[in-house]
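Here the structure is laid out as structure tokens; the discussion comes afterwards.
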Amino acid sequence: MPPKTRSRVSKRTADSGKVNDDAEEMVGGKKKAAASVEPLKTKESSEPPQYCRWLMKSEPESRFEKEIDLKFGIEELKALPDQTGCWDGVRNYQARNFMRQMKDGQLAFFYHSNCKEPGIAGIMKIVKEAYVDHTQFDKKDIHFDANSKADNPKWSMVDVQYQRMVKRYIPLSELKKYHLQHRAKGGPLKDMGLFTRARLSVQPLTTEEFEFILTLEDKEPLWDLDQMM
């Protein structure tokens, strides 16, 4: 949310299991680039795959809980000192675990959720790896968790830094069309987490998914092409 006394980011309530969510749940300059790798197969099968690209959701429109505005879009991140903020308030274990995999310098799409037109608004960079999310101990915070203890905290957060806006806003509706095409005929978005694990506010992307989405910046919107055919 837009900070009044401190820089922070509040995430959406989907992570805490509430049903208030955006459309995808309903349908089923200076860059430090990380190494381009697919999710790695580890020596021990019990180890999780490792990712290096991400999609992270936040709400760009005002919505109040306990008189607190949860609004935090990419413009709010851009306006923070050093264009950097902490990605706090995640209360889903899988989303938390994904954040704990993040490495300094990796890139993530800033995704606008729970709004009139959900979609990818820009790119940010992980600038501090996972550490304790202080909001879990703040009784005045909507993300307070009475079951989390200081000597064994349950929740983590990372710091992110604004990099740039995408050249054009890439809406969920367009991504869904590519997902359906690729699922039927093959393509990088056939298993995209935005549609296979839609409720998560923090999602991994393969290198191919990330790079394909970047190519959409320079293409005409898919619905425009459909109209021309």
Side-chain angles (χ1 to χ4, degrees), residues 1-27 54-100 102 108-124 126-128 130-162 165 169 171-172 194 197-203:
M1 72 183 66
K4 291 182 173 57
T5 59
R6 61 183 177 183
S7 297
R8 51 165 296 196
V9 180
S10 282
K11 297 292 93 39
R12 19 193 310 205
T13 58
D15 279 340
S16 60
K18 298 181 182 178
V19 296
N20 184 4
D21 220 327
D22 54 31
E24 72 270 22
E25 274 90 1
M26 300 178 185
V27 298
W54 309 93
L55 182 146
M56 302 170 75
K57 303 177 183 178
S58 190
E59 300 184 23
E61 298 176 358
S62 289
R63 181 172 67 81
F64 289 84
E65 283 194 20
K66 298 182 180 179
E67 300 182 348
I68 297 175
D69 191 354
L70 301 182
K71 175 181 177 181
F72 193 91
I74 196 168
E75 292 294 343
E76 281 69 38
L77 176 62
K78 188 177 179 181
L80 291 177
D82 200 30
Q83 300 182 321
T84 301
C86 57
W87 203 267
D88 63 16
V90 172
R91 295 297 181 266
N92 172 280
Y93 287 109
Q94 189 174 11
R96 178 206 65 183
N97 291 342
F98 284 140
M99 286 203 300
R100 289 180 175 179
M102 293 177 179
F109 286 127
F110 194 121
Y111 181 92
H112 281 174
S113 69
N114 203 20
C115 56
K116 183 176 181 180
E117 187 174 45
I120 293 171
I123 299 171
M124 54 191 180
I126 310 305
V127 293
K128 184 174 181 179
Y131 62 106
V132 175
D133 180 348
H134 58 275
T135 65
Q136 64 195 300
F137 306 121
D138 185 352
K139 293 183 179 180
K140 296 181 180 180
D141 195 279
I142 62 171
H143 299 111
F144 171 67
D145 186 346
N147 295 319
S148 186
K149 308 302 179 184
D151 60 350
N152 187 27
K154 292 167 59 176
W155 307 111
S156 303
M157 61 185 182
V158 297
D159 285 359
V160 297
Q161 183 180 55
Y162 170 86
M165 306 293 287
Y169 191 78
L172 171 67
L194 192 58
R197 43 169 76 98
R199 294 196 64 82
L200 288 180
S201 68
V202 177
Q203 302 177 1

Leu200 side chain near Asn92 side chain, heavy-atom distance below 4.5 Å: yes
Sequence neighbours excluded, the answer for side-chain contact (heavy atoms from CB on, under 4.5 Å) partners of Phe64 is Ser62, Asp69
Please report the interatomic distance CD1(Ile74) to CD(Gln83), rounded to the nearest 0.5 Å. 9.5 Å
In terms of side-chain heavy atoms, does Thr135 have a donor or acceptor partner in Arg91 at a distance below 3.5 Å? yes
Sorted by chain and residue number, the ring-ring contact (aromatic ring centres under 6.0 Å, His included) partners of Phe109 (sequence neighbours excluded) come out as Phe210
For Pro153 and Ala150, work out which heavy atoms get closest and say how close. CD-O, 3.5 Å
Can you check whether Phe144's main-chain N or O pairs, donor with acceptor, with Lys139's side chain at less than 3.5 Å? no
Nearest heavy-atom pair of Gln136 and Val132: which atoms, and what distance? NE2-CG1, 3.5 Å
CD on Glu65 to CD1 on Ile142, rounded to 0.5 Å: 4.5 Å
Are any non-hydrogen side-chain atoms of Val158 and Met56 less than 4.5 angstrom apart? yes
Tyr169 side chain vs Glu117 backbone, donor-acceptor pair below 3.5 Å: yes
All side chain to side chain donor-acceptor pair (under 3.5 Å) counterparts of Lys154, not counting sequence neighbours: Tyr93, Asp145
Pair Leu172, Tyr111 - check side chain to side chain contact (heavy atoms under 4.5 Å, CB included), show working. CA-CA 9 Å; Leu172 171 67; Tyr111 181 92; 3.5 Å; yes
Separation between NZ of Lys71 and CD of Glu61, rounded to the nearest 0.5 Å: 8.5 Å
Rounded to the nearest 0.5 Å, what's the gap from CD1 on Ile126 to CH2 on Trp87? Could you check? 9.0 Å
4.5 Å side-chain heavy-atom contact, Cys86 and His134: yes
Closest heavy-atom pair and its distance - Ser156, Met99: O-CE, 3.1 Å
I would like to know whether Phe98 and Gln203 meet side chain to side chain contact (heavy atoms under 4.5 Å, CB included); could you show each step before the answer? CA-CA 7 Å; Phe98 284 140; Gln203 302 177 1; 5.7 Å; no
Mark yes or no for whether Asp133, through its side chain, and Gly89, through its backbone, hold a donor-acceptor pair below 3.5 Å. yes
Minimal non-hydrogen separation, Gly85 against Leu77, with atom names: N-CD1, 3.7 Å
Val127 versus Thr84, closest heavy-atom pair with distance: CG2-CG2, 3.8 Å
What's the spacing between Gln161 CD and Asp82 CG if we round to 0.5 Å? 5.0 Å
Is the closest side-chain heavy-atom distance between Ser113 and Glu59 below 4.5 Å? yes
Measure the spacing between CG of Leu70 and NE2 of His143 and express it to the nearest 0.5 Å. 6.5 Å
Within the 4.5 Å heavy-atom criterion, are Lys78 and Phe110 side-chain neighbours or not? no
Provide the closest heavy-atom pair for Cys115 versus His112 in the form atom of the first, atom of the second, distance. SG-O, 3.8 Å
